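Inspection log for the structure reproduced underneath, given as structure tokens.
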Amino acid sequence: MAVPTSADDVEVGLESVFPQELGLFADAFPALTLCEYFEAQKLNFWGKKVIELGAGTGVVGILAALLGGDVTITDLPMALKQIEENVHRNLPVECMARTRVCALSWGLDHKGFPSTYDFILGADIVYLKDTYPLLIRTFQHLCGAQSTIYLSSKMRQEHSTSLFFETLLPMYFTSKLAFRDEVENINIYKVTSKSDTGQ
């Protein structure tokens, strides 16, 4: 597996860095869509501080680590064992040193995390209406002026997903639709702090 050793190497194709154990990531269409978007945009994670929220399988954080990021992969405590297994199966030793897996409950223990992340990532984490205020609170804590949030989401009408992205999120952040997959009904949003200069 090719692992980038400098910022110049980040433009390698997704197929050369994508996790080896793809079967571990079944039913992860929004996560895989986000990974493909990063490849298409040639997003540079080299030397950047990255956090993935509600990681599930951890595929997005794993890709960010393979692309040079200093990555924190988070989810609820019961999900950490699977994420750790996926990380160990898919990351070479040199990436493991800058990757950590830990618990983060939205709205509760986010204060143990800094507000200095360059990228905050989430794939299919907007589906339970009761958690929306907690997720916003966590974004508010983690998102500094330098941060960019990328969210990939299945647009489920039954979970009021559109309400979150079109009404709630824009109240607190600058948000724009960056990509839409009509076939899978998946949207990717690029989100920044309202105090961001727009660069």
Side-chain angles (χ1 to χ4, degrees), residues 1-26 28 30-106 108-125 138-139 141-152 188 190-192:
M1 178 182 293
V3 178
T5 55
S6 72
D8 294 335
D9 294 334
V10 171
E11 292 189 10
V12 296
L14 186 62
E15 66 281 352
S16 65
V17 295
F18 210 78
Q20 297 169 11
E21 302 280 342
L22 197 52
L24 295 170
F25 307 107
L32 298 178
T33 301
L34 189 56
C35 290
E36 290 168 357
Y37 174 80
F38 291 157
E39 181 206 18
Q41 296 298 311
K42 296 185 174 11
L43 200 65
N44 185 1
F45 288 105
W46 190 258
K48 304 293 186 183
K49 283 187 70 174
V50 181
I51 186 167
E52 183 183 5
L53 302 180
T57 60
V59 65
V60 174
I62 288 169
L63 180 64
L66 286 166
L67 291 174
D70 177 2
V71 182
T72 301
I73 302 174
T74 70
D75 207 321
L76 295 173
M78 76 270 298
L80 299 186
K81 186 176 179 186
Q82 179 190 6
I83 296 170
E84 286 168 353
E85 180 182 345
N86 291 349
V87 164
H88 285 287
R89 286 193 188 187
N90 289 284
L91 285 182
V93 176
E94 56 268 33
C95 293
M96 295 289 289
R98 48 186 167 72
T99 305
R100 70 182 187 127
V101 176
C102 57
L104 193 167
S105 297
W106 303 340
L108 300 176
D109 56 8
H110 58 245
K111 292 189 174 129
F113 295 80
S115 300
T116 55
Y117 292 101
D118 297 295
F119 294 105
I120 301 159
L121 311 177
D124 217 21
I125 60 174
T138 298
F139 284 154
H141 174 79
L142 297 175
C143 186
Q146 80 293 344
S147 306
T148 301
I149 304 170
Y150 283 100
L151 300 172
S152 176
I188 295 177
K190 181 178 180 181
V191 182
T192 54

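The chain is numbered in sequence order, starting from 1. Bear in mind that the values here come from a model prediction, so they are computed numbers and not experimental data. All values below were derived from every heavy atom in this structure, side-chain atoms included, with hydrogens, water molecules and symmetry-related copies excluded.
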Subject >> CA sep, side-chain torsions, deciding dist, call: Leu151, Phe139, side chain to side chain contact (heavy atoms under 4.5 Å, CB included) >> reply: CA-CA 11 Å; Leu151 300 172; Phe139 284 154; 3.7 Å; yes

**OP:** Check the pair Asn86, Val59 against side chain to side chain contact (heavy atoms under 4.5 Å, CB included), reporting the backbone distance first and the verdict last.
**Re:** CA-CA 8 Å; Asn86 291 349; Val59 65; over 6 Å; no

Original post:
Taking it one step at a time, do Phe38 and Val60 satisfy side chain to side chain contact (heavy atoms under 4.5 Å, CB included)?
Top reply: CA-CA 10 Å; Phe38 291 157; Val60 174; 4.0 Å; yes

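Looking only at side-chain heavy atoms (C-beta outward), Val191 and Ser147 stay at 4.5 Å or farther from each other. Thr72 places a side-chain heavy atom less than 4.5 Å from the side chain of Cys102.
Rounded to the nearest 0.5 angstrom, Leu53 CG and Ile125 CD1 are separated by 5.0 Å. Rounding to the nearest 0.5 Å places CG of Leu80 at 13.0 Å from CD of Glu85. Between the OG1 atom of Thr99 and the CD atom of Glu84 there is a distance of 12.0 Å, given to the nearest 0.5 Å. Taking CG from Leu63 and CD from Glu52, the interatomic distance works out to 10.0 Å, rounded to the nearest 0.5 Å. We find the NZ-OG1 distance between Lys111 and Thr138 to be 10.0 Å, quoted to the nearest 0.5 Å. With rounding to the nearest 0.5 angstrom, the CD1 atom of Ile149 is 8.0 Å from the OG1 atom of Thr192.
Between Ile73 and Ala55, the shortest heavy-atom distance links the atoms CG2-CB, 3.3 Å. In plain terms, the two heavy atoms of Ala65 and Cys95 that are nearest each other are O-SG, 3.7 Å. Among all heavy-atom pairs drawn from Ala64 and Leu121, the shortest one is CB-CD1, 4.4 Å. Pairing each heavy atom of Ile51 with each of Phe113, the nearest pair is CD1-CD2, 3.9 Å. Considering all non-hydrogen atoms of both residues, Asp109 and Ser105 come closest at OD1-N, 2.7 Å. Taking every heavy atom of both residues into account, Asp75 and Gly54 meet most closely at OD2-C, 3.3 Å.
Remark: the backbone N or O of Ala123 is not paired with any side-chain donor or acceptor of Ser152 at under 3.5 angstrom. A side-chain donor-acceptor contact under 3.5 Å links Gln146 to the backbone of Tyr117. Panel note: side chain Ser115, backbone His141; a donor-acceptor pair is recorded below 3.5 Å. Side-chain atoms of Asp118 come within 3.5 Å of backbone N or O of Lys49 as a donor-acceptor pair. Panel note: side chain Thr74, backbone Ala103; no donor-acceptor pair is recorded below 3.5 Å. Put simply, the side chain of Arg98 never gets that close to the backbone of Val71: no donor and acceptor are under 3.5 Å apart.
Taking the six-membered ring for Trp and thresholds of 30 and 60 degrees, Tyr37 and Tyr150 have ring planes inclined between 30 and 60 degrees apart.
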